[in-house]
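Notes follow once the structure below has been shown.
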Amino acid sequence: MSTSIIVRDIDPGDKSWLRREARQIGVSMEELVRRLIHEQRTKTELRPKPSEAFARHFGADHGVDLPPPVRGGYRPISFSDEGEE
């Protein structure tokens, strides 16, 4: 199954760069775009959010209670004694 994507109003400088790069490595412009998209998706899929990485290494499976998430991230943790006020 082949799907075509048409890009309208592409900057002429970008199009000529794409054409040069494709010619240099010996592939069509479409194939070069496919490779660039695949490369970008691979890079972004491998990078977890910092909160996900923290939860994976220090989460409930490892005996650590994480603070509840709030809008914009985690609430700062306070290290004061409960007896002190």
Side-chain angles (χ1 to χ4, degrees):
M1 183 172 140
S2 176
T3 306
S4 296
I5 297 175
I6 298 173
V7 180
R8 300 186 195 284
D9 300 326
I10 189 170
D11 182 74
D14 292 340
K15 188 173 184 178
S16 64
W17 175 85
L18 189 61
R19 186 174 284 131
R20 275 193 316 272
E21 292 293 314
R23 190 178 318 122
Q24 191 174 31
I25 61 173
V27 297
S28 67
M29 286 175 42
E30 292 82 7
E31 179 61 25
L32 180 61
V33 170
R34 277 190 214 100
R35 290 179 185 185
L36 292 171
I37 291 170
H38 178 73
E39 180 181 328
Q40 185 63 33
R41 286 185 65 206
T42 304
K43 284 180 184 176
T44 57
E45 287 174 355
L46 297 177
R47 213 176 306 144
K49 294 179 182 177
S51 59
E52 292 171 353
F54 186 86
R56 184 173 56 244
H57 293 287
F58 301 106
D61 295 340
H62 301 284
V64 176
D65 293 329
L66 298 175
V70 294
R71 194 175 78 188
Y74 282 100
R75 200 174 326 172
I77 298 173
S78 173
F79 291 103
S80 63
D81 288 338
E82 291 180 15
E84 293 181 9
E85 302 210 36

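Positions are given from 1, in the same order as the sequence printed here. These values consider heavy atoms only, across backbone and side chains, with no hydrogens, waters or symmetry-generated copies.
For the side chain to side chain contact (heavy atoms under 4.5 Å, CB included) test with T42, the passing option among Q40, E39, H38 is H38; the others fail.
Note: the hydrophobic cluster containing W17 also contains I25 (ILVMFWY, side chain heavy atoms under 4.5 Å, direct or indirect links).
Pairs passing the salt bridge (charged side-chain N to carboxylate O under 4.0 Å, His left out) check and including a residue from residues 9-33, sequence neighbours excluded, read E31-R34, E31-R35.
Rounding to the nearest 0.5 angstrom, the gap separating the CG atom in L32 from the CG atom in L18 is 5.0 Å.
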